[in-house]
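For reference, the structure discussed in these notes is given below.
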Amino acid sequence: MKDSSLTKSRFFDLTHCIAAACGMIFITAGAPSKTQAAADKLEPVDKTWLEENYTKFEYRIPMRDGVKLLTAVYAPKETSTNYPIWLTRTPYGVRPYGVDAYADPHGTLKYYAREKFVFALQDVRGRNGSEGQFSHARPIQPVKAGPSDTDESTDAWDTIDWLVKNVPNNNGRVGLSGISYPGFYAACGAIDGHPALKAVSPQAPIADWFIGDDFHHNGTLYLPHAFNFLASFEQKLEKPTRENPKPFDYETPNGYEFFLNVGPLENADARFFKGKVAFWNELMQHGAYDDFWQRRNLRPHLKNIQAAVLTVGGWFDAEDLFGALQVYGHIERQNPGLYNALVMGPWAHGQWHGEGLKLGSVSFRANTAEYFRQNIELPFFKHFLKGGTNLDLPEAFIFETGTCQWRRFAAWPPTNSVARSLCFQAGGRLSFDPPTDGGGAFDEYVSDPARPVPFIPNIAINMTREHMLDDQRFAATRPDVLVYQTDVLEEDVTIAGPITASFHVSTTGTDSDWIVKLIDVYSGDYPNPDPNPTGMQMGGYQQLVRGEPMRGKFRNSFEKPEPFEPGQVTKVEWVMPDVLHTFRRGHRIMAQVQSSWFPLVDRNPQTFCDIYHAKPEDFRRATQRVYRTAAAPSAIRIHLLPAGR
């Protein structure tokens, strides 16, 4: 990342220069900086305030191929000066429709309306009030021969061009942001961007729908997420600007029970969707990383970006953690010298535009979302769109979980980390020492698709936000889960960056899933929350830090799956998304290994086949072995930050 023309100094004073040289500095979560203390606290607005201070307009903006996209614009009533445009493009609707119907503000409109921007909210092509044909994660076309060759980068370009030429009292500068699917559209809009586009913030953006975002993780299907999202999103509404999609009626709160009763995946359409959920059926036809998914991989297209970029993600985002890290990394590598920064907070999906005090039973000891809005997001957009004061943001502004503090890094992942391996040992031990066992030392369990390991300790119908850091004590007691843990830590251990699971395994089946969970085991005297209405006992809490599945048949290639040879020792290795986490003194580090994580991950029949069209007889029990010898080790590779940092 380089300095922008508006940024006089990224690390202006001596303190920041030293911090940049060392790679990081610390900020206690929520502690005010001088800039923060001087700034007025952000006050969100309500619908009444918005009506009093903004005028709503609706436009049908023509694209280069003649398709018109409905765009709602909220412009300040005060017209004595010009304002930048803050654009969000979304497939979820810009309700309510009509110039007299004002939104109950949320997101940027809710938190930043007092700062006076022209807010533009657009239905993307083919959705709700916009014309054209909608395509999921619409592929970027690298070569465009004429006006009929459109994609989300051209639609963003045409929208920005029209806005700056037609909306009164704009200053010719445009920002573009969005969370989740709108984050994907923000990232697309940065590609070959319009000259007026000065600042872009893809937040929890989709990068690749087969490898790591939303519906798939390393070839496994995130079943309740795909089922629930598509059951709603794919509904065909007769009057999309006057109706809302209806939630699917599961007729039970028990997702484990519901999806187990569905049986093989092809039953979902036959019994419930009945051909009405088109993308579900497309998904079922593409069970490997074929051209359908590769064309929707955004990462190689993140080039020729001129606007400043601030990518935002959450460490506990169950949907698009992968996307945030991948979008930042590929923009960094493919656009040398660009102002490109990363923010990772302790959040679930989009939680940074809500309250960031806690998630589930885990407290972050400060309102981290408010801190982000006040000290990171708003200063970024004000700087590049309004020419504000020097922007005091590092390359990477990262929240360290465990110690609950914001940290500044000159690069992400940090350049001063040291690679180490946590090795599986006899007796369920986890150690930095390499294994010394010879022969065929292993641990084993029986994986039964009829009794898969639950992914949460409670009852829920959907993919829960909290599962990303849920207590894992319920799983540790199951016979089909292997558990390894260190001795009690005598000093803090901080890990930063990606985590690699590297196992030597065997199975009596011909396919298998492998799930690894890295866990922070709290001390026995860890204090309970106060108040504690649920009676949660935090002593010995096994907090999930990172968990990720791998579909074994894709161990060598996501394009060309291959079976296991029953009983043959085989290496399986996959990379899990980054972390920045400190295991505190008095805690333990734990790893759990299993072959099901249900219904979060669809069941592997443990027979090599097209799982999306598996038959009941394909689902079979299998004995799984994880080896831990000097010749065939199993370990979790991490990156340690030096003591004292």
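Small disclaimer: the values here were computed from a predicted structure and weren't measured.
Between the side chains of Q326 and D208, no donor N or O sits under 3.5 Å from an acceptor N or O. Residues D578 and W412 bring a donor and an acceptor atom of their side chains to less than 3.5 Å of each other. For the residue pair Y181 / E319, no side-chain donor-acceptor distance below 3.5 Å is found, with atom types taken as modelled. Q306 and N304 are linked by a side-chain donor-acceptor pair at a separation below 3.5 angstrom, with hydrogens and angles left out of the test. With hydrogens and angles left out, the side-chain atoms of E234 and W280 include no donor and acceptor closer than 3.5 Å.
Atoms OG1 and CE, from T220 and M550 in turn, are 9.0 Å apart once rounded to the nearest 0.5 Å. Rounded to the nearest 0.5 Å, atoms CZ (R95) and OG1 (T90) are 9.5 Å apart. From D123, atom CG reaches atom CZ of F134 across 11.0 Å, with rounding to the nearest 0.5 Å. Here the CG-CZ distance, from D317 to F322, works out to 13.0 Å after rounding to the nearest 0.5 Å. Atom CG of D155 and atom CZ of R125 lie 4.0 Å apart (nearest 0.5 Å). The OH atom of Y289 sits 11.5 Å away from the CZ atom of R296 when rounded to the nearest 0.5 Å.
Remark: aromatic rings of Y256 and F598 are close, center separation under 6.0 Å. Taking the six-membered ring for Trp and the full ring otherwise, the centers of F503 and W574 sit less than 6.0 Å from each other. Taking the six-membered ring for Trp, F372 and W347 have ring centres closer than 6.0 Å. Taking the six-membered ring where the residue is Trp, the centroids of W315 and H581 are separated by 6.0 Å or more. Ring centers of Y222 and F455: at least 6.0 Å apart, outside the cut-off. Taking the six-membered ring for Trp and the full ring otherwise, the centers of F259 and F227 sit less than 6.0 Å from each other.
P224 approaches P599 most closely through the heavy-atom pair CD-O, 2.7 Å. For the residue pair A318 and M463, the shortest heavy atom distance occurs at CB-CE, 3.9 Å. Scanning both residues, S417 and H639, for their nearest heavy atoms gives OG-CB, 3.7 Å. Nearest heavy-atom pair across S232 and P245 is O-CB, 3.5 Å. In terms of heavy atoms, L393 sits closest to F380 at CD1-CB, 4.3 Å. When every heavy atom of D149 is checked against every heavy atom of A145, the shortest pair comes out as OD2-N, 2.7 Å.
W406 and F399 have perpendicular rings, their planes meeting at more than 60° on a 0 to 90° scale where under 30° would count as parallel. Classification of the H136-F233 ring pair by plane angle, with boundaries at 30° and 60°, yields tilted. Between F215 and H225, the angle of the ring planes lies from 30° to 60°, which puts this pair in the tilted group.
Taking Q334 as the reference, L302, K303, H330 meet the side-chain contact (heavy atoms from CB on, under 4.5 Å) condition, with sequence neighbours excluded. Shown here are the side-chain contact (heavy atoms from CB on, under 4.5 Å) partners of E266, two or more places apart in sequence or in another chain: H613, K615.
Looking only at distances, a side-chain donor or acceptor of N340 sits under 3.5 Å from a matching main-chain atom of Y328. Between the S201 side chain and the L310 main chain, a donor and an acceptor come within less than 3.5 Å of each other. S557 places a side-chain N or O within donor-acceptor distance of the main-chain N or O of E559, the cut-off being under 3.5 Å. In this structure, D618 contributes its side chain and A614 its backbone to no donor-acceptor pair below 3.5 Å. In this structure, S595 contributes its side chain and S512 its backbone to no donor-acceptor pair below 3.5 Å.
The existence of a salt bridge linking D602 and R551 is confirmed by a sub-4.0 Å separation between a basic side-chain nitrogen and an acidic carboxylate oxygen. A salt bridge links K571 to E573: at least one charged side-chain nitrogen sits closer than 4.0 Å to a carboxylate oxygen.
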Could you give me the CA-CA distance, side-chain angles and deciding distance for Y250 and F248, then say whether ring pair (Phe, Tyr, Trp, His ring centres under 6.0 Å) is met?
CA-CA 6 Å; Y250 292 89; F248 183 84; 4.8 Å; yes
If you apply the rule side-chain hydrogen bond (donor to acceptor under 3.5 Å, both in side chains), what do you find for E400 with T582, and how did you get there?
CA-CA 7 Å; E400 181 178 294; T582 293; 2.8 Å; yes
What do the steps show when you test S634 against H504 for side-chain hydrogen bond (donor to acceptor under 3.5 Å, both in side chains), and what is the final call?
CA-CA 6 Å; S634 294; H504 284 85; 5.0 Å; no
Test side-chain hydrogen bond (donor to acceptor under 3.5 Å, both in side chains) on Q122 and T88; report intermediate values, then the result.
CA-CA 6 Å; Q122 183 177 76; T88 298; over 6 Å; no
Begin with the C-alpha distance, continue with both residues' side-chain angles, and end with the deciding distance and a verdict on side-chain contact (heavy atoms from CB on, under 4.5 Å) for F409 and I398.
CA-CA 8 Å; F409 292 87; I398 312 294; 3.9 Å; yes
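When side chains are defined from C-beta on, L223 counts as touching L265, because their heavy atoms get closer than 4.5 Å. Considering only heavy atoms from C-beta on, M344 comes within 4.5 Å of L325 through its side chain. Residues H353 and E377 form a side-chain contact, since some pair of their non-hydrogen atoms from C-beta on lies under 4.5 Å apart. Within the 4.5 Å cutoff, the side chain of F316 has no heavy atoms near those of the L321 side chain. Side-chain contact between V94 and L70 is present, with heavy atoms from C-beta onward closer than 4.5 Å. Put simply, the side chain of D470 does not reach to within 4.5 Å of the side chain of L544, judged on heavy atoms. Between I515 and V453 there is no side-chain heavy-atom pair separated by less than 4.5 Å.
Note that R408 lies in the cation-pi zone of F397, set by a 6.0 Å cut-off to the ring centre and a 45° limit from the axis.
Listed by first then second residue, pairs satisfying salt bridge (charged side-chain N to carboxylate O under 4.0 Å, His left out) with a partner in residues 275-295 number zero, not counting sequence neighbours.
The only member of F229, W209, F273 that meets ring-ring contact (aromatic ring centres under 6.0 Å, His included) when paired with F279 is W209. Applying side chain to side chain donor-acceptor pair (under 3.5 Å) to T150 and the options R64, Q141, R138, K144 leaves one that passes, R138.
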